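See structure below.
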Amino acid sequence: MYRILICAMVVVLYGCSKNEQPVEEPTFTNLRVNAFTVDVLQLQVTANDAFLTDSLITPSGSKTIPVSYIDPAHRIRITDVNTTRLMADTLVNYGTGFIYSLTFFQPAAGAPLLLMGPPANEPAPAAGKAKIAIVYTETLQYNIPSAIKVVVENKTGLDYIATDSFLLTRGQFSKFFLGEKTIKPRLKIFTTGADRIPVAEADPGVFSQANGDFAIYNFEAISDDKKVSMIKLY
Amino acid sequence: MSWIVVSYSQVIALKEKVSIHLKNVTAAQVVQELDKQSTYSFSYTREQLEKIKIAAFDFEQVTLGQALEHLQRMAHLEFNLLGSTIAIKAAATVAPAPAPAAAAKPGKLTGVIRNDKNEVMPGVSITIESVSKGAATSVNGDYVLALAPGTYTVLISFVGYQSRRITEVVIKENEVTELSVVLNATGSKQLQAVVVTSGARRESTRSLLMTQKNSAGMTNGISAEQIRVTPDNNTGQVLKRVSGITVQGDRFVTIRGVSDRYNNVLINGASLPSTEPNRRNFSFDIVPSALVDNVVVNKTATPDLPGEFTGGMVQINTSDVPFRNFLNINVGTGFNTASTGRDFISHKRDKKAALGIVDDNRKWFGDGRAFEQQEYVKYHGDKDTAAMRQIGAQIPNRWQLYRYSYAPMQNYQLSGGASKMFKNNNSIGAVAAVTYRNEMLYEEGDARSLQNYDYFSRRYRYNTTIGGLLNIAYKSKGHKVALKNLYNNRYSNQYDDRYGFQISNDRFENRTGETTLANRMIQSRLEGEHSLFNSKLRIDWFGDYITLKREQPDGRYVVGRDVDSGKHTYTYNFNERNLFWGGLYAATLKETRTNAGGNISIPFTVAGAKQSFKTGYAWSKREANYDATGLRVLGTNVAYEESIKGLPYYKIATQEAISSGDLVYAPTYIRSESTGDRYDGKQTLQAAYAMLDLKILKQLRLVGGMRYENNKVTMSTETYNNLGLPAFSDSVYNEKDWLPSVNIIYSLTDKLNIRGAYSQTLARPDFVERSPYVYFDFVEQLQVTGQQALQVTRIKNYDLRVEYYPSGNEILSASLFYKYFDKPVERFYILGSPNNLIEYWNLYSATAKGVEAEIRKSLSFISPASKWLQNLYFSANVTYLEGGIKYLVTTSPITGKDTSYIDNGSRPIQGLSPYIVNGGLNYQDKVWGFNVAYNRFGRRIVNGGTNSRIIQYENSRDVIDMQISLQVLKQKAEIRLNISDLLNQHTIIYSNNVNRSPRGGYPQEMDNNDPKGSAYNPALDFVTYKVKKGTSFSLSINYKLF
């Protein structure tokens, strides 16, 4: 009889044990990998050693790969297919949304790729403001000096008034300058000499897709009427 | 013709003058002399009266009454005046308390005494000849005698009946010996008493045979005596032993191939609410077999039975006063081959799911509700978003799935009973039981719906059933009052995970749904039986109060559209308001039933034969209240919707998103104009009947009469619009029916009957079928809608049966039957998009004609000397049925214009199988037993209609069940192994439509020109559902604590 009771107890206890484990369902996104390089490259991209693509062609390339994940942390490695040189090796957390973009930027020929993202130690902009940085490289098909003077203008009342200025060298990122969140800043670009010859202008519209906090733009082209078009790197 | 029954007081008032001068005679000689001198006839057992010595009986010119009074005083006799016959018997000796044997514990002799009409007989004298012990049967015809171990001769006698002397009745120490007897009435003119003598074993067999043979209607049944020798531990298993019954998984019953709609179940005489949400059936496994007094399955109607059955009526009566104290414990476990080793998936299981209790925060209605649905709908109508956010945030985020390990089935049963005897054989007793069952079941397979979807389906189920029973009764020779209580709590959780192509969306999708159902039913019944005027009048009465609460709380449905076919990357719709796109659903049903009634049975004598008249009245009131509503999670912020794309649903539909207003719970339902449906139903049913049980000739018995049923139903359905304003839809029904029935039994020999029967019966639509509310089956994408215009189905039943009883446990029978259904109800399957529909409609008429053959035969004829073969029985039951329907055509199939004519269809109505085959081999001895049962039923319609291409059939399949039992520990314990559905064939639902489009792509409605007709053809037919449910193995141990 005791054996029967013991067996019954075992069955009861086993039956009552819940063994409950939450099912972690994967998040999915379309990972868009952008690369803007000075060199012409064919790049292979892996995430946590899983192959994503090997046909990311630069100087301006983009590939979209659907990915599912539980843990958003991924080690992204980008390799030059031709030389097998490791061009980037970085940790990222995938973000949500139907498309999640990662943009890699090569600021100078032979330089490794940099992942564009929010600055590490830059103070957050004040309420209603956004911060933007810019960069240009030797791929820019225009006779632009290796160093330029940039004047930042923000709209005050009816007019745009200069609020900031800085010197910018080719292949270097500018400091973050302030602009309004809603009304974007305008840039005027001059030579660095005393004569300050106007080189080009960037209208507020080029920053229309700027993020609410930080954004980074790369010069894409300068038109005949000296208007700058830009590519959003971040 | 005189049939007035007069008691002893009238006997002594008889005025006829007699003179008698006798010395040193017996009582028999005195009675003989009285018989000579009077105009009355005397009926007595000569042998009894011969034993009574009378020294002198000397009276001159006294009245017959005075002479009899003297005789009564001298010889301790009892008299009854039955018309012109004076019945005399020796006064029953009340059994003294059994003297404890010096060395051995006493055993018990028990049984039931019935007459040749199968009526139990109270007041029958049971005398143990050698030890001068005796007892009288109770109002139920049963008796218990405690006797020292030994071999006895028992005399069973009653006035007007042939006495039976049973020899070789063996009483063993501390064991119960069963001795049930059937007494035959004597002719009233018979003066020469005859005592029939037979052996105990032979008498038991005869009793069993006569009980079956003498039933008024065509019945099959199993008595407590038979149940006690089987290893069955619940009523579902017991029913498997009743011929003509198919039991699915120990729980659901099909009789004569006829489905739920046309069957009825009475437990302790009351029709109980179904324990299942969408089928009219009762889960028999909640009643332990130890507490079953008897099970009777009626296949033909008699006026004293409710008019609402056609295929059969299962009557289960639980016991009340046990013949001895007992306490049994049963522990069982088992597994299912389709489920073992699986991870079980569902939303977070209720904390007390193992006890069948739903978490309070999942209840939308009643106590502990999350919110008031109508109030919320009004907030929505008023655009009071603050109130909606505040309420919505209280609804728990249960969207995440959880994984649970498979646990073996568990089954526990504790049952016991106690009784106490008082003087005069009066007794009080009680029986009680608690049962528990928990199981997890998995099935997977194809799920397709014409015009809707093509999925692979995974279904996970978690069920808990808790039952309780408590009966208390007081019983005496003439009276019995019992209070019977039944409790059932059934909890089931089903999670469906389906992936495949959704036609209306032109996408692959993942459609998941969780439906929890919690049923709680409590029945309390007070009943009484009274045998009055020395068994000349029998009255019984009852009162029931039954409550049922069924909750479907917090159903969770999710539709994920696969962005890239086969990649399982899902986006979710936050714009469409219809519940088709997922959401939450809750419903509640409360039902109360109050029943009361009584019956009077009056025996009388015509042409020297005992007849009886029975009349009765029953009243029943039923009230049901149903409420259902749904919620959809909708988006209010496009940026939020964009930002959360790619996240799993449980990370999107969070309480934070509801609180912040990025998402909102929108009241909704499956119809665009409704945010929830509700109905109230009331039914009052009154019934009265009168029936005669006549023995017209010695061999011819006629049982018949008329039943009248007056049924009043009021239905009020409310549909709530988007502003929370109700639209009412009411209907009233008053149906009055006269239901004649007659059973004629012609006994060609003691073992051969010919029976004919005619009856009119009913099948009433249930509340849900007459309410235009919509039940949405999210997983099946089906809208189930009732019809206010639905009419009662009226059935005329004709039966002819020849039955032969070779011995008490054996039967051979063959039947012809014909049934005419006027306005049968079917579930019509109708195509729609994105949901198909089920609607209840009446066909014009239907017929079913068939033959049925049945055999239960011991295999001892192979070798009569073999004890093993004597205990081996073969049983089989075969039914073949041809059906036809007539239906109204309102749209011409040729021109498409309106028309109106009646067309014919050559198929049985929904639920009827064209054939059913049951076969079994059963062996049972005192130590071990086995049972092998085979069942196959022909394809039967699960969803009907008039469009032959989309009628859905359940394919026939072969089912073999096995049981092996072994008695151990000196028969105090029993081990039992059960194997259910050994062959594990596919369960297939199909329709006779093309299964693939000839042009490629998904099939549309189109004839498949199947040469097999409506039979299943895997090459051509459209399969709606195809799964293997697995073979179940279970092992149980039953231990008799005392």
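From a predicted model like this one, the values you see are computed outputs, not experimental measurements. Letters go in sequence order (proteins before strands), and every chain restarts at 1. Just the heavy atoms: all of them, side chains too, but no hydrogens, waters or symmetry mates, feed the values below.
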(request) With the side chain counted from C-beta on, respond yes when Thr569(B) and Ser68(A) share a heavy-atom pair under 4.5 Å apart, and no when they do not. (result) yes
(request) Give a yes or no on this: more than 12 heavy atoms of other residues, nucleotides or ligands lie within 6.0 Å of atom CD of Gln209(A). (result) no
(message) Using a 4.5 Å heavy-atom cutoff, which residues in residues 93-106 of chain A come close to chain B?
(response) Thr96(A), Gly97(A), Phe98(A)
(message) Holding to salt bridge (charged side-chain N to carboxylate O under 4.0 Å, His left out), I want the full list of residues that pass it with Asp71(A), two or more places apart in sequence or in another chain.
(response) none
(message) Under 4.5 Å from any heavy atom of chain A, what part of Tyr650(B) do you find: side chain, backbone, both or neither?
(response) side chain
(message) Out of Thr571(B), Val563(B), Ile345(B), return the one with the most heavy atom pairs under 4.5 angstrom to chain A.
(response) Val563(B)
(message) I'd like to know if the side chain of Glu20(A) pairs up with that of Tyr404(B) as donor and acceptor (distance under 3.5 Å, no hydrogens or angles considered).
(response) yes
(request) Side chain from CB out, backbone as N, CA, C, O: work out which of these in Lys651(B) comes under 4.5 Å of a heavy atom of chain A, or both, or neither. (result) side chain
(message) Checking Asp203(A) now: which residues fulfil salt bridge (charged side-chain N to carboxylate O under 4.0 Å, His left out) with it, not counting sequence neighbours?
(response) Lys227(A)
(message) Taking atom NZ as the centre, does Lys175(A) end up with more than 12 heavy-atom neighbours from other residues, nucleotides or ligands that are less than 6.0 angstrom away?
(response) yes
(request) For chain B, find its close neighbours in residues 24-40 of chain A: heavy-atom separation under 4.5 Å, sorted by number, or none. (result) Glu24(A), Glu25(A), Pro26(A), Thr27(A), Phe28(A)
